[in-house]
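Heads up, the thing below is written out as structure tokens.
Naming: A, B, ... by sequence-line order, numbering from 1 per chain.
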There are 2 protein chains.
Amino acid sequence: MKMKNITISDIAEKLNLSRSTIDRVINNRGSVAPETKRKILDYIEKINYKPNRAAKHLSKRTSCTIGISYYLPENFAAQIRKGINDVYNELQAYGLNLIIKEAGSAEEQEKQIKQMQTEIDGLIVAPWNPKNLTELINEFIEQDLPVVTFNRDAPESKRLFYFGCDYFKAGRISGEIIEKITSKPGKIAIISNEDDLVGKKRVEGFYSILKESSIHKIIGPYTIYDHFGISDSYTDKDIDYIKKIIEDNPDLKAFYVVNQSLYLVAKVVKEMGKKDQINVIGFDLFDKFIPFINEDVIEAVICQEPYSQGYFPVRILFEMLAEDREIEKSEYITRLEVVMRENLKYYNDYHYL
Amino acid sequence: MKMKNITISDIAEKLNLSRSTIDRVINNRGSVAPETKRKILDYIEKINYKPNRAAKHLSKRTSCTIGISYYLPENFAAQIRKGINDVYNELQAYGLNLIIKEAGSAEEQEKQIKQMQTEIDGLIVAPWNPKNLTELINEFIEQDLPVVTFNRDAPESKRLFYFGCDYFKAGRISGEIIEKITSKPGKIAIISNEDDLVGKKRVEGFYSILKESSIHKIIGPYTIYDHFGISDSYTDKDIDYIKKIIEDNPDLKAFYVVNQSLYLVAKVVKEMGKKDQINVIGFDLFDKFIPFINEDVIEAVICQEPYSQGYFPVRILFEMLAEDREIEKSEYITRLEVVMRENLKYYNDYHYL
DNA sequence: TTGTAAGCGTTATCAC
DNA sequence: GTGATAACGCTTACAA
């Protein structure tokens, strides 16, 4: 049970040098004679020395504060929070501090980020409106304040990396599923709202699959606005609108819904007794969706590792800040998870830590 | 950037006591006057003191050695290894040592585990033959050597916990998928081999779904032995056998393959030009499967987080051994991942660390 | 029952 | 360019 590892002192002793000299070459600070440097480097290589992380953390006694900003639907935010919570519990002992700001609008988000600037050593942001935040992100970067994006990217900014899903590919996998489960020729209706950047990509990806050689005809996109899933904000007009699509298209075989109105579409399909004729496919796992997935009204949803989106950006950024981790990718793309009735419970609130 | 945290010394000073007394009540070792104990506990509660993990690790300088034993198909083992590798890199600095033994047979596995006994502080094992290892596991436990299982459980043993998938549920999700993608009535052929415990459960789960109200008729199980995916070990007889199933059953709509012969089945289906008429579903992601998934010969495979199966058991056991983590579950069940053409690349060799 | 002091492997601040 | 030396916050003898 006793630890027996090579330490800086061992190296110093072996090489007849002082600990500080070894430290200098390992962390290349201060100046060292090139000859001694070589000697030390060679020896370190040879014995495969690994610095003790605990000692490092203890000695540095440097804490870093990471700011997190997002404006996301509540159910999704809950999963993100769980990931953030776990990584915080894991790393706060090593000096991680977090400032979490949940915005209620794009404008508020911008304001909150500006406010954080002086208090943080790094920023993690899910930019609701990437274009508008690009400049701000670049400003931070200019000032040596690292910024990473998650959930939504700001690809034109100089952010260090993006952690999140590829929405175009998400559209493709849902297209694949619809093709596989919809064997009879007929129509597929797309539901979205135009000002939804994410939804737009999901639709494009979907088209890219269906275009290839489909026996189906795409109709729409029909517009239903989602209001972050607050059910009361859907009107009777929305319901009638969906009903009308179904009635007007007797050969309708599927709904492809890229926003949270998925819940409403499922409700109408179910109430009209059309669940066996019309396949419903959508995205993400919201509480409201769950009964419909269980009843096979919604055939499948595509998820994007929300928990990981909370956990990893914090961890990677912290390791960079506190342990000089190298960022090796500019994009960490999350898995596209196919969630159906029988594997639903594994995706609804699940983690191991 | 400077850390400013409450330490044991702070508490000691505030309460006019020595550091060791504080230490005694925090880790309840040694004896402390109940009155002082109360006082300390109250104060700690009040100021929300969290011990510094780095200091703890450094001071304890206790390393622990965990033994890992498995006998698994190579492709699967590769993913496991990646998880183990990541967690090792993460924790070796805190004193984790690993002894990894890959067995070539059930007997060898038993021998290897016995050999490890004296060198390890905990054992992680994927028991190829759970029944045979139950006694050995219990022996270890009697001797206060914690044992956990992964990938395959030994439910009748006293192992601390199991980390892996629920094979019955895995059968159910594949049943759900076959039902969803196979719209025309017809036959579904099951391929398995009887001595495969895992496959047996997958078949049971599959039946539990199909029984309910299927338009399909199940035929088989037909027996094809897999030899851990060494393709050369399949014979021409196996190929003829599959061909015969297809020829004898013109209304065959799907193959449900619970072992690695999935590759061979896909090959035959493809070569007979039946890929559009017959759906092929199986388990896990082996290199040989990949081209067939990409060509839509294999419609989907169900995976079980192989990477996590390497990563988490080690991490949880280490945290228990080195940091007195409480084990709160007796089963950590991995997700059932639906992998198809368009999300394949995310499951084939992917991780964030 | 309580206190003292040495040590864990780094980093940082001085001297030389 | 190099070497002492004092932290960092905790554990663990050992002494009182």
Side-chain angles (χ1 to χ4, degrees), chain A residues 1-41 44 47-64 91-96 321-324, chain B residues 1-41 44 47-64 91-96 321-324:
Chain A
M1 288 286 261
K2 276 279 161 267
M3 189 113 112
K4 182 67 197 93
N5 266 331
I6 299 139
T7 73
I8 280 193
S9 299
D10 295 337
I11 301 172
E13 197 179 351
K14 180 80 185 176
L15 263 40
N16 269 325
L17 288 162
S18 77
R19 296 214 304 279
S20 348
T21 307
I22 313 299
D23 175 68
R24 279 186 192 99
V25 349
I26 288 172
N27 300 289
N28 50 75
R29 51 176 149 240
S31 50
V32 178
E35 192 189 348
T36 36
K37 186 168 176 173
R38 257 268 58 80
K39 203 166 59 175
I40 294 172
L41 248 22
I44 282 174
I47 60 173
N48 186 29
Y49 163 79
K50 303 259 184 189
N52 181 314
R53 221 161 105 197
K56 212 164 180 155
H57 272 292
L58 183 59
S59 172
K60 283 191 106 144
R61 57 187 160 296
T62 150
S63 72
C64 86
L91 298 178
Q92 62 128 274
Y94 301 129
L96 170 65
L321 252 23
E323 304 180 333
D324 300 310
Chain B
M1 286 285 261
K2 276 278 162 266
M3 190 113 111
K4 181 68 197 94
N5 266 332
I6 299 139
T7 74
I8 280 193
S9 298
D10 294 337
I11 301 172
E13 197 180 351
K14 180 79 185 176
L15 263 42
N16 269 326
L17 288 162
S18 77
R19 298 215 302 280
S20 23
T21 308
I22 314 298
D23 175 70
R24 279 184 194 100
V25 348
I26 288 172
N27 300 291
N28 49 75
R29 50 178 149 238
S31 50
V32 179
E35 193 189 348
T36 37
K37 185 168 177 173
R38 259 268 57 79
K39 204 166 60 176
I40 294 172
L41 248 22
I44 281 174
I47 61 172
N48 186 30
Y49 163 79
K50 304 257 185 191
N52 181 315
R53 218 160 108 198
K56 212 163 181 157
H57 271 293
L58 182 58
S59 167
K60 282 192 109 145
R61 61 186 161 296
T62 150
S63 71
C64 86
L91 297 178
Q92 61 129 271
Y94 301 129
L96 169 66
L321 252 23
E323 304 179 333
D324 300 310

*B:Thr21 vs C:dG3: side-chain N/O to OP1/OP2 distance below 4.0 Å*: yes
*For A:Arg53, which contact category applies under a 4.0 Å heavy-atom criterion: base, sugar-phosphate, or nothing?*
nothing
*Provide, to the nearest angstrom, the distance between the OH atom belonging to A:Tyr94 and the P atom belonging to D:dC10.*
13 Å
*Return yes if the base of D:dA4 and the side-chain atoms of A:Ser20 contain a donor-acceptor N/O pair under 3.5 Å, otherwise no.*
yes
*asked:* Nearest whole Å is fine: how far is C:dT1 P from B:Ile40 CD1?
replied: 13 Å
*Check the distance between C:dA12's P and A:His57's NE2 and give it to me in whole angstrom.*
13 Å
*Identify which nucleotide among D:dG3, C:dG3, C:dA6 has an atom closest to any side-chain atom of B:Leu17, counting heavy atoms from C-beta outward.*
C:dG3
*Contact check, side chains of B:Ile40 and B:Leu17, non-hydrogen atoms, under 4.5 Å*: yes
*Nearest to side-chain heavy atoms of B:Lys60, which nucleotide of C:dT11, D:dT11, C:dT1*: D:dT11
*Between A:Ser18 and D:dG3, is there a side-chain N or O to OP1/OP2 distance below 4.0 Å?*
yes
_It should be established whether B:Tyr49 places a side-chain nitrogen or oxygen under 4.0 Å from OP1 or OP2 of nucleotide D:dC10._
yes
*NA contact type, B:Leu58, heavy-atom cut-off 4.0 Å: base, sugar-phosphate, or nothing?*
base
*asked:* Donor-acceptor pair, distance only, cut-off 3.5 Å: does the side chain of A:Asn27 make one with the backbone of A:Arg29?
replied: no
*asked:* If you only use heavy atoms from C-beta on, which nucleotide in C:dT2, C:dT11, D:dT12 is closest to the side chain of B:Asp23?
replied: D:dT12
*Among D:dC10, C:dT10, D:dT11, which nucleotide sits nearest the side chain of A:Ala55?*
C:dT10
*asked:* Can you measure A:Glu35 atom CD to D:dG1 atom C1' for me and round it to whole angstrom units?
replied: 12 Å
*Hey, does the side-chain of B:Thr36 have a donor or acceptor N/O within less than 3.5 Å of a partner on the base of C:dT1?*
no
*Do B:Glu323 and B:Arg53 come within less than 4.5 Å of each other through their side chains, counting heavy atoms only?*
yes
*asked:* Applying side chain to side chain contact (heavy atoms under 4.5 Å, CB included), can you list everything that pairs with A:Lys50, at least two apart in sequence or on another chain?
replied: A:Asn48, B:Gln92
_For a 4.5 angstrom cut-off between non-hydrogen side-chain atoms, does B:Thr36 reach B:Val25?_
no
*Please report, rounded to the nearest Å, how far the C1' atom of D:dG3 is from the CD1 atom of A:Ile22.*
11 Å
*Nucleotide D:dC10, atom P - distance to CD of B:Glu13 in whole Å*: 14 Å
*So, is B:Asn52 near the phosphate of D:dC8, with a side-chain N or O under 4.0 Å from OP1 or OP2?*
no
_N/O donor-acceptor pair, side chain B:Arg24 with base C:dT1, under 3.5 angstrom_ = no
*asked:* Expressed as a whole number of angstroms, how long is the span from B:Ile11:CD1 to D:dT11:P?
replied: 11 Å
_Whole angstrom value for the distance that separates C1' of C:dT10 from CD1 of A:Ile6_ = 16 Å
*State, with a plain yes or no, whether a side-chain heavy atom of B:Thr21 is found less than 4.5 Å away from one of B:Leu15.*
no
*D:dT11 OP1/OP2 closer than 4.0 Å to side-chain N/O of B:Arg29*: yes
*Contact class for A:Ser31 (heavy atom, under 4.0 Å): base, sugar-phosphate, or nothing?*
base
